[in-house]
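Heads up, the thing below is written out as structure tokens.
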Amino acid sequence: MTSRDLKKINDALWEIPRQGGMRVPARIYATEKMLPAILSDKAPEQAMNVAHLPGIINYSLAMPDMHWGYGFPIGGVAAFDLQDGIISPGGVGYDINCGVRLMASNLKRQQITGKMQELVTELFNSVPTGVGAGGRLTVSKAELKKVVRQGAHWAVARGYGSESDLEYIEESGCVDGCDPAAVSAHAYARGSKQLGTLGSGNHFLEVGYVAEIYNPKAASALGLFLDQITVIIHCGSRGFGYQVCDDSLGIMDKAGRKYGISLPDRQLACAPISSPEGQQYLGAMRCAINYAFANRQAIAHFTRMAFERALAMPPAEIGLRTVYEVAHNIAKFETHLVNGERKKVCVHRKGATRAFAPGSNEIPAAYREVGQPVLIPGDMGRYSYVLVGTEQAMQDTFGSTCHGAGRALSRTKAKKQARGRNIGRELQDRGIYVIGKSRRTLDEEIPEAYKDVSHVVDACARAGISRKVAQLRPLGCIKG
DNA sequence: ATGTTC
């Protein structure tokens, strides 16, 4: 695809007109400068494919961090009519409820100078990390059924973190409508040993600090101040969510044929929301959503413990509280304004973040005036961002924005570029102490493997679908 | 993303 195939809507928004079997146009959020990289990938074609799906409302949307994914593009947002529309596992992704928690402390950067190595080591020893990591917290299948019903509440009830965390998690850390009977024995078996584990790939736990504030009023509402020590936890539903997704694909493939849904790409396999197959996936997916909420809640607890041990300070002095937690691989029923009327729709966000406007009841009371916090991790070496949602996002993107930097290099290309280098040492020279479980992951995750997240965030700000609040910079990190 | 899986 070339830029000639796009119609310019404004400086940060482009449209692929409806053509062929597309039911709606596709819209890409990006600045002109970002277009060549976006168009060099198959992701725009995937956004067009999504526009073919039954019941899609308004547009097939793609955020500036879009790139190629399974069926739907990563960075894709699509809402479907509850009567005529579909639910698709490819529109959620393999890592169901992959998401990000931001924690902020009472500490200033200067207070932990020289302690980063100890702190990161303690974190690495406290949070199981890497492919197949598990074992810290093992639960029976019966207990796991409670986990998938209760989400983060399950973790808090068992002493992992506090009640006050729950208010600051999207959906308060638990969604309704889960169906534990829709989850396979294999998924339960995989999930039983993986609560409180980080995983691998782009998942990480990072200690950083507030480096810049763009919006003092919003930063103050979120309790953020310059040089404040922060923690970002990025992970998902581990083998449990993966298995739920995998189990559903075969079922969806058959359902597509049964209901006569014609697809431009088999990976868009889906079923009508109202069908038994659609309901089964929704029930199982919601179990995985809650599993991920419980997972991040347990990790947050281990993080607090590690801080206390490494810094030899009491919890009140460290003061690590949850600023907010977002999901960025999820499908949810939400009420949006469609053609001037409030309507409940099924929003798929795959590598995209909810970004609700000021005033929404879904936002914690303390933040309601400034909008929903949106947490955008960058790469290991540069920076991450805190944004807030806007009214424009409610009107244009079903209350959604970007989710991260987006890959610039494939894993294979990144590994090739990292050959002969010592990535840990390079990052240490930049003042970032990293412990990685495997050298391979560290190589795949070199900063150059990612686009500059500031460009992504600026495109969303320019389009008006979120506002910049603060920039965070890394000091230490653990990786799978 | 996942973990060694027809």
Side-chain angles (χ1 to χ4, degrees), chain A residues 43 46 65-76 88-101 127-135 183-205 232-251 253-254 266-267 269 281 284-285 287-289 291-293 295-296 299 326-331 348-353 377 379-380 403-415 436-445 449-450 478-480:
Chain A
Q46 291 191 309
D65 47 338
M66 74 187 291
H67 55 108
W68 185 89
Y70 182 90
F72 285 54
I74 293 160
S88 175
V92 173
Y94 266 91
D95 192 5
I96 297 166
N97 192 10
C98 186
V100 182
R101 177 181 295 211
V127 183
T129 298
V131 173
V183 174
S184 71
H186 192 193
Y188 282 118
R190 289 180 72 173
S192 68
K193 288 181 193 158
Q194 293 193 318
L195 279 168
T197 68
L198 198 59
S200 179
N202 63 1
H203 292 162
F204 66 82
L205 189 157
I232 300 173
I233 296 165
H234 176 209
C235 64
S237 50
R238 309 286 286 104
F240 184 87
Y242 179 97
Q243 197 58 46
V244 166
C245 177
D246 209 40
D247 290 339
S248 72
L249 290 173
I251 298 167
D253 207 44
K254 283 195 202 96
R266 202 168 169 185
Q267 292 186 351
Y281 173 69
M285 177 197 67
C287 290
I289 290 173
Y291 186 97
F293 280 139
N295 189 32
R296 285 189 291 266
I299 291 174
V326 296
H328 57 218
N329 280 12
I330 202 161
H348 292 61
R349 294 192 185 92
K350 182 192 194 177
T353 315
D379 58 77
M380 284 191 286
H403 88 304
R407 271 198 172 269
L409 300 175
S410 69
R411 287 178 189 190
T412 316
K413 280 186 182 155
K415 265 183 288 193
K437 181 90 174 185
S438 84
R439 172 169 185 157
R440 193 181 91 174
T441 303
L442 226 49
D443 287 356
E444 287 173 355
E445 293 287 313
Y450 286 91
I478 67 170
K479 290 285 293 182

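No experiment lies behind these values; they were computed from the predicted model shown. Order of the sequence lines sets the chain letters (A, B, ...), proteins ahead of strands, with each chain counted from 1.
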Indicate, with yes or no, if the rings of A/His234 and A/His328 have centres closer together than 6.0 Å. yes

Using whole Å, report how far [atom1] of [X] lies from [atom2] of [N].
X: A/Arg440; N: B/dA1; atom1: CZ; atom2: P; answer: 12 Å
X: A/Lys437; N: B/dG3; atom1: NZ; atom2: C1'; answer: 14 Å
X: A/Tyr450; N: B/dA1; atom1: OH; atom2: C1'; answer: 11 Å
X: A/Leu198; N: B/dG3; atom1: CG; atom2: P; answer: 12 Å
X: A/His67; N: B/dA1; atom1: NE2; atom2: P; answer: 8 Å
X: A/Tyr94; N: B/dA1; atom1: OH; atom2: P; answer: 14 Å
X: A/Ile289; N: B/dA1; atom1: CD1; atom2: P; answer: 18 Å
X: A/Lys193; N: B/dT2; atom1: NZ; atom2: C1'; answer: 17 Å

Answer yes or no: does a side-chain N or O of [X] lie under 4.0 Å from OP1 or OP2 of [N]?
X: A/Arg190; N: B/dG3; result: yes
X: A/Gln243; N: B/dG3; result: no
X: A/Asn202; N: B/dA1; result: yes

For A/Glu444, report the nucleic acid contact type (base, sugar-phosphate, nothing); a contact means any heavy atom under 4.0 Å. nothing

Can you say whether the rings of A/His348 and A/Phe72 are parallel (under 30°), tilted (30 to 60°) or perpendicular (over 60°)? parallel

Supply the atom-to-atom distance A/Ser237 OG to A/Arg190 CZ, rounded to the nearest 0.5 angstrom. 10.0 Å

When the P atoms of B/dA1 and B/dT5 are compared, how many Å lie between them, rounded to an integer? 22 Å

